[in-house]
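Worksheet: one structure, shown below.
Just the heavy atoms: all of them, side chains too, but no hydrogens, waters or symmetry mates, feed the values below. Each ligand, and each atom within it, is numbered from 1 in the order the structure gives. In this chain, residues are counted from 1 in sequence order.
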Amino acid sequence: MPKYTPPVRDTRFILDRVIGLDRYANLPGFENVSPDVVTAVLEEGGRFVSEVLFPINHSGDQEGCTRHEDGSVTTPKGFKQAYAQYVESGWGTLGAPEAVGGQGMPHVISTAFEEYMISSNMAFAMYPGLTHGAIASLLVKGSPEQQAKYVPKMVSGEWGGTMNLTEPQCGTDLGLIKTKAEPQADGSYAITGTKIFISSGEHDLTSNIIHLVLAKTPGAPDSTKGISLFVVPKFLVNDDGSLGERNAVSCGSIEHKMGIHANSTCVMNYDGAKGWLVGEEMKGLAAMFIMMNVARLGVGLQGLAVGETALQNAVQYAEDRRQGRALTGAQEPGEKADTLFVHPDVRRMLMEAKALTEGMRALCLWGALQVDLEHGAPSEEERELAGDLVGLLTPVIKGVGTDIGYKVATDAQQVYGGHGYIAEWGMEQYVRDARISMIYEGTNGVQAMDLVGRKLGQNGGRAVQALFKVVTEEVAAAKGDEKTASFAEALEKALGQMQAATLWIATHGFKNPNDAGAAAYPYMQLTGTVALGLMWLRMAKAAAEALAKGAEDAKFYEAKLVTARFYAERIMPDAGALRRKVEAGGDSIMALDPEMFRAA
Ligand SMILES: Cc1cc2nc3c(=O)[nH]c(=O)nc-3n(C[C@H](O)[C@H](O)[C@H](O)COP(=O)(O)OP(=O)(O)OC[C@H]3O[C@@H](n4cnc5c(N)ncnc54)[C@H](O)[C@@H]3O)c2cc1C
């Protein structure tokens with residue numbers, strides 16, 4: 001069976017030496033973040049998830065959720081108790097504002113904890129994960145009454161939250177939504193329609209579930225412009241906060257799916273359910289986007305987190321399993337065979353996984369810091385820069401991060417050979433679980449289109465220029481230091497490829513939108529390659545400084561320097577090929593009609 005150890009040392013390295021949390025003590029929420037508090041969160045949180053959530057990960061996958069005749073849903077054995085412990089110990093309240101019962105911790109700290117939680121049990125982590133997204137929407141767009149009524153109990157974990165966008169005929173294209181919202185005399189709306197694939201739509205973990213639902217009011221345009229957002233509780237909430245009558249929303253079925261079996265994916269039927277408008281009518285998509293942006297960063301984290309657990313186990317397996325001899329001659333002549341660890345091809349997979357996973361951890365935490373800066377930095381200029389970087393990097397963290405998570409999970413499975421395909425070893429679950437993160441919250445193709453079609457051109461390209469400036473300045477500084485100079489030169493080349501690809505899209509994309517559409521995916525990967533390159537430059541610099549100061553644990557820092565070199569030599573060169581794919585345009589992609597596609 002797999003094991004999981006929260007990577008506290010690596011998280012600490014990023015927070016303390018790469019990001020340098022102490023530099024942000026002037027930001028709201030950071031004043032309480034002493035090194036001792038960070039240690040307590042990471043170590044205690046890590047202990048909680050590995051002792052309480054990890055042991056029910058495999059069993060939860062095997063058992064799955066059960067829907068009963070009356071529409072109720074039971075989560076797998078142990079989930080209810082684990083959730084009660086999660087609520088009681090307050091882990092869910094880390095990042096929420098103090099005014100609504102949270103601990104007011106910076107986003108960068110709650111993100112570090114969330115990685116551990118997802119690593120130990122992704123299906124479990126989705127229940128509070130969806131709730132956090134719903135809270136974010138209500139805090140920005142909800143009325144003071146709605147906030148007072150719902151948010152504190154969602155923050156405490158007493159109630160759950162969901163997001164209801166998808167319908168049978170509409171997934172990516174939300175303009176096709178059919179769910180109706182009829183205004184009622186009492187100011188509420190009657191919500192009628194069917195939503196599908198709703199994560200955590202019905203379960204037994206919380207006493208109430210607060211659904212955020214997209215629907216159209218009578219006469220609204222039949223497009224995304226006509227969408228409004230509604231809050232629809234499973235149980236109506238009385239003025240004194242107690243639970244009232246059951247609302248007309250129910251789970252019609254749960255999906256039988258490839259992975260995350262322990263998270264209930266529900267068909268939700270709204271039969272004139274009572275709902276209340278959140279924000280303005282026909283501005284629903286903007287309100288839902290607040291939730292979706294939180295969720296997109298959270299889904300990117302899923303890629304990192306699942307990959308981390310898979311990698312940890314693959315490394316252990318490669319150390320334990322003996323097959324063949326090292327190419328350079330027997331390493332352990334007393335044994336009948338050497339371990340898998342001696343083979344360069346096995347190391348290739350492990351090194352790629354290590355470089356990508358640790359790079360993603362740095363990127364997710366830096367991205368989370370930008371969210372904190374966007375809201376709390378003292379100057380308008382800093383807030384604007386952080387907001388630009390968050391906007392630009394959100395589709396990259398989601399799209400590239402989850403592609404990486406799936407790749408790492410399948411490579412880790414590959415290290416196990418045939419045993420990786422067998423359920424009892426647990427690796428195939430990571431592959432299945434990781435797969436969905438590339439699909440939901442906007443498929444990765446849609447993330448790429450968001451990057452190229454929206455984010456790149458916003459404010460005259462201000463965000464991408466800001467990223468170029470950050471990378472250029474850090475490369476220039478690192479080139480002057482012999483320990484980081486060769487890495488900086490490799491990153492400079494990759495940046496040059498990205499700048500050329502950006503210019504190509506800017507000049508060709510408007511003339512032929514299919515060129516931009518065809519360029520989107522490789523451009524997203526190219527941006528990811530540069531963003532991870534920036535993270536590895538920072539990590540290499542921090543590791544070299546730590547070694548120069550004679551830090552303990554020299555092997556950890558030496559490993560960082562070797563992994564940075566691996567990234568520069570074996571991953572960063574992909575930037576050139578990705579640029580060529582961008583510049584190839586859309587002609588060969590779009591040339592075949594369906595008849596020409598068929599070879600048979
Ligand atoms: C397990 C699971 C949990 C989910 N949880 C939720 C949830 O909690 N709430 C919720 O509302 N939804 C949820 N979803 C739905 C999920 O977000 C959608 O499945 C996803 O957004 C894609 O929509 P679709 O399945 O209709 O695919 P489609 O939109 O039909 O897309 C099919 C393919 O076409 C591509 N495509 C479509 N349009 C375009 C375009 N304009 N440009 C380029 N490519 C395009 C897509 O990238 C995809 O590859 C969940 C789905 C699953 C499987």
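- Between Lys407 and Asp411 there is a salt bridge, with a side-chain nitrogen of the basic residue lying less than 4.0 Å from a carboxylate oxygen of the acidic one.
- Nearest protein heavy-atom neighbour of atom 15 (C) of ligand 1: Thr166 OG1, 3.2 Å.
- Note that OG of Ser199 and CD1 of Ile436 are 7.5 Å apart. Values are rounded to the nearest 0.5 Å.
- Checked for salt-bridge contact, Arg462 and Asp388 meet the test: a charged N lies under 4.0 Å from a carboxylate O.
- Between Thr265 and ligand 1, a contact under 3.5 Å exists for no N or O pair.
- Under 4.0 Å is where a charged nitrogen must lie from a carboxylate oxygen, and between Glu202 and Arg67 no such pair does.
- Salt bridge absent: Asp450 and Lys398 never bring a charged side-chain N and a carboxylate O closer than 4.0 Å.
- Within the 4.0 Å cut-off (strictly below), a protein heavy atom is located near atom 50 (C) of ligand 1.
- For atom 35 (C) of ligand 1, the protein comes within 4.0 Å by no heavy atom at all.
- Ion pair Arg361/Glu115 flagged as a salt bridge, since at least one NZ, NE, NH1 or NH2 atom sits closer than 4.0 Å to an Asp/Glu carboxylate oxygen.
- Annotation: Asn164 places no N or O atom under 3.5 Å from an N or O atom of ligand 1; distance criterion only.
- The parts of Leu165 lying near ligand 1 are both backbone and side chain, judged by heavy-atom distances below 4.0 Å.
- The ring pair (Phe, Tyr, Trp, His ring centres under 6.0 Å) with His203 is formed by just one residue from the set Tyr127, Trp159, Phe79; it is Tyr127.
- For atom 23 (O) of ligand 1, the closest non-hydrogen atom of the protein is Gly171 CA, 3.5 Å.
- Listed by number with element, the atoms of ligand 1 under 4.0 Å from a non-hydrogen atom of Ile436 are 1 (C), 2 (C), 52 (C), 53 (C).
- Atom 47 (O) of ligand 1 is flagged as protein-proximal [any protein heavy atom, distance under 4.0 Å].
- You'll find the side chain of Ile439 stays beyond 4.5 Å of the side chain of Asn444, heavy atoms only.
- Taking atom 44 (N) of ligand 1 as the reference point, the nearest protein heavy-atom neighbour is Val446 CG2, 4.5 Å.
- Scanning the protein heavy atoms around atom 20 (C) of ligand 1, the nearest turns out to be Ile439 O, 3.8 Å.
- Between Glu167 atom CD and Phe197 atom CZ the span is 12.0 Å, to the nearest 0.5 Å.
- Listed by number with element, the atoms of ligand 1 under 4.0 Å from a non-hydrogen atom of Met163 are 7 (C), 8 (O), 9 (N), 10 (C), 11 (O).
- The shortest contact between atom 27 (O) of ligand 1 and any protein heavy atom is with Thr172 OG1, 4.3 Å.
- Protein heavy atoms are found less than 4.0 angstrom from atom 38 (N) of ligand 1.
- Of the protein's non-hydrogen atoms, Phe197 CE1, 4.2 Å is the one closest to atom 25 (O) of ligand 1.
- The aromatic rings of Tyr4 and Phe54 sit tilted relative to each other, their planes meeting at an angle between 30° and 60°.
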Before you tell me yes or no, could you show the steps for Thr74 and Asp204 under side-chain hydrogen bond (donor to acceptor under 3.5 Å, both in side chains), namely the whole-Å CA-CA distance, both residues' side-chain angles and the distance that decides it to 0.1 Å?
CA-CA 6 Å; Thr74 314; Asp204 57 356; 4.6 Å; no

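- Listed by atom number, the atoms of ligand 1 under 4.0 Å from Glu441 heavy atoms are 17 (O).
- Scanning the protein heavy atoms around atom 21 (O) of ligand 1, the nearest turns out to be Gly442 N, 4.0 Å.
- The closest protein non-hydrogen atom to atom 8 (O) of ligand 1 is Ser199 N, 2.9 Å.
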